[in-house]
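For the numbers below, each heavy atom of this structure counts, side chains included, while hydrogens, waters and symmetry mates do not. Throughout, a chain's letter reflects where its sequence line sits, starting with A, and its residues are numbered from 1.
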Amino acid sequence: MPELPEVEVVRAGVEPAVTGAVIAGVEVFEDRSLRRHDRALGPFGELLQGHRVLAAVRRGKFLWLPLDTGRALVVHLGMSGQVLLRSPGTDADAQLRIRLALDHPDHGEIWLNFVDQRIFGSMAVDTMAPTRDGLPAGFSGRAGGAWSGLIPSQVAHIARDPLDVSFSASSFLAALARKKTGIKRALLDQTLISGIGNIYADEALFAARLHYEQPAASLSPAKARVLLAAVRSILNRALAEGGTSFDAQYVNVNGQSGYFSHSLSVYGRQGKPCPVCGTPLVREQFMNRSSHLCPRCQRLR
DNA sequence: CAGGCTTCCTGCGCGC
DNA sequence: TGCGCGCAGGAAGCCT
């Protein structure tokens with residue numbers, strides 16, 4: 001559920017609290033939340049305890065905190081993950097899986113709670129490797145240090161997201177033209193373009209008037225560019241609504257966050273009129289999940 | 001080898 | 001009322 005805009009709101013929200021902070025304590029309440037942690041590196045807690053966080057970086061839906069050890073704490077929210085900042089001593093949140101006690105030189109002590117109902121999300125300490133192109137690995141709000149050209153090993157196969165300044169539109173369009181699959185599958189393939197999930201895929205396809213099963217390779221270069229522009233526009237709008245103000249971000253990391261549902265045109269709106277032509281929107285099963293579309297505006301060609 | 005299906009998970013809402 | 005089923009979907013891993 002959390003897609004690029006939601007993860008970016010989390011990243012921006014935690015950045016001031018974690019950058020420069022030392023991890024003073026680690027409590028793991030649910031081992032399954034460490035599924036993506038490689039035990040061969042050492043115990044999760046020991047790899048964090050006493051070490052300093054250098055930044056908060058995001059690529060697509062992956063978030064990571066580079067550490068002074070040369071490694072990083074990788075966070076993925078999965079379906080239901082949340083990162084919440086709390087005052088020390090606060091009652092445990094429901095479905096609290098992992099808690100980090102942070103000691104920040106300016107802001108003092110703060111708890112970073114990783115909450116996750118469905119346990120599809122995870123935290124892991126990971127090694128870092130240089131990016132293939134030598135460019136910054138992802139987005140962060142600060143000037144890059146040595147960490148900026150490094151990417152966690154388990155994120156290395158994830159493509160740059162369409163809001164990344166180093167995203168290559170021409171490479172993406174060329175990859176689309178080679179794909180022997182439907183356009184929605186391609187949009188959801190994080191190795192082609194990252195950050196898009198089921199909700200914004202449906203929204204972008206509606207904006208570009210494309211059916212989810214339209215073969216990716218059948219799109220004209222012009223149509224593919226229209227789709228990419230729609231993706232960027234939808235992600236940017238959601239991002240803007242997610243809070244350009246610090247207050248909005250703070251609310252978010254305090255759990256008041258919501259979805260940007262007020263801006264959705266088709267997702268979850270089956271039976272309601274299409275915003276363009278008035279035809280009732282439909283929901284169809286596809287890829288073991290639901291696709292929302294206007295049967296008139298989005299015809300398979 | 002790439003495409004696509006299965007599995008992992010829990011809380012909620014609905015129908016019987 | 002209470003039970004049980006379906007549904008929500010990100011991504012690794014496995015199968016074809």
If the cut-off is 4.0 Å, is A:R35 near the phosphate of C:dA11, judged by side-chain N/O to OP1 or OP2? no

Nearest heavy-atom approach of A:A124 to A:Q154 is CB-NE2, 3.8 Å

Euclidean distance, atom CD1 of residue A:I119 to atom C1' of B:dC9 [Å, nearest integer]: 6 Å

Taking any heavy-atom pair under 4.0 Å as a contact, classify A:F286: base, sugar-phosphate, or nothing. nothing

Starting the side chain at C-beta, find the nucleotide from C:dA11, C:dA8, B:dT10 nearest to A:Q117. B:dT10

Measure from CG on A:D116 to C1' on C:dG10 and round the result to the nearest Å. 11 Å

Interatomic distance, A:M287 CE vs C:dC7 P [rounded to whole Å]: 17 Å

Distance-minimising heavy-atom pair for A:K61 and A:I196: NZ-O, 3.0 Å

Residues A:L219, A:L210; criterion side-chain contact (heavy atoms from CB on, under 4.5 Å); working and verdict: CA-CA 9 Å; A:L219 271 62; A:L210 282 166; 3.8 Å; yes

Checking A:Q49 side chain against A:F44 main chain: does a donor-acceptor pair fall under 3.5 Å? no

Does A:H157 place a side-chain N or O at less than 4.0 Å from the phosphate oxygens OP1/OP2 of C:dA11? no

Can you tell me the distance, in whole Å, between the CG atom of A:L77 and the P atom of B:dT10? 18 Å

Ignoring hydrogens and angles, are the base of C:dA12 and the side chain of A:R36 linked by a donor-acceptor pair under 3.5 Å? no

Give the minimum heavy-atom separation between A:L41 and A:D126, together with the two atoms involved. CD1-CA, 4.1 Å

Using five pairs at each end of the helix from B:dA2-C:dT16 to B:dC16-C:dG2 to define an axis, what is the angle between those two axes, to 10°? 60°

To the nearest Å, how far apart are A:L34 CG and B:dC9 P? 13 Å

Distance check needed: C:dG10 C1' versus A:Y200 OH, whole Å only. 15 Å

May I have the distance from A:K180 (atom NZ) to B:dA2 (atom P), rounded to whole angstrom? 9 Å

Donor-acceptor pair, distance only, cut-off 3.5 Å: does the side chain of A:R59 make one with the backbone of A:A137? yes

Are the side chains of A:E6 and A:L77 in contact, using a 4.5 Å heavy-atom criterion? no

Return the residues of residues 181-192 of chain A meeting this criterion: a heavy atom under 4.0 Å from some atom of DNA chain B. Order them by number, or give none. A:T181, A:R185

Between the side chain of A:R58 and the main-chain N/O of A:G60, is any donor-acceptor distance below 3.5 Å? yes

According to a strict under-4.0 Å criterion, is A:H76 in side-chain N/O contact with OP1 or OP2 of C:dG10? no

Rounded to the Å, how far apart are A:M79 CE and C:dA12 P? 15 Å

Between A:I158 and A:S290, who's closer to the 5' end of DNA chain C by nearest nucleotide? A:S290

Look at the side chain of A:E203 and the backbone N and O of A:Y267, then say whether any donor-acceptor pair between them is shorter than 3.5 Å. yes

Specify the closest pair of heavy atoms between A:Q285 and A:Y212, including all atoms of both residues, with the distance to one decimal. O-OH, 4.4 Å

Within the pair A:R283 and C:dC7, is there a side-chain N or O less than 4.0 Å away from OP1 or OP2? no

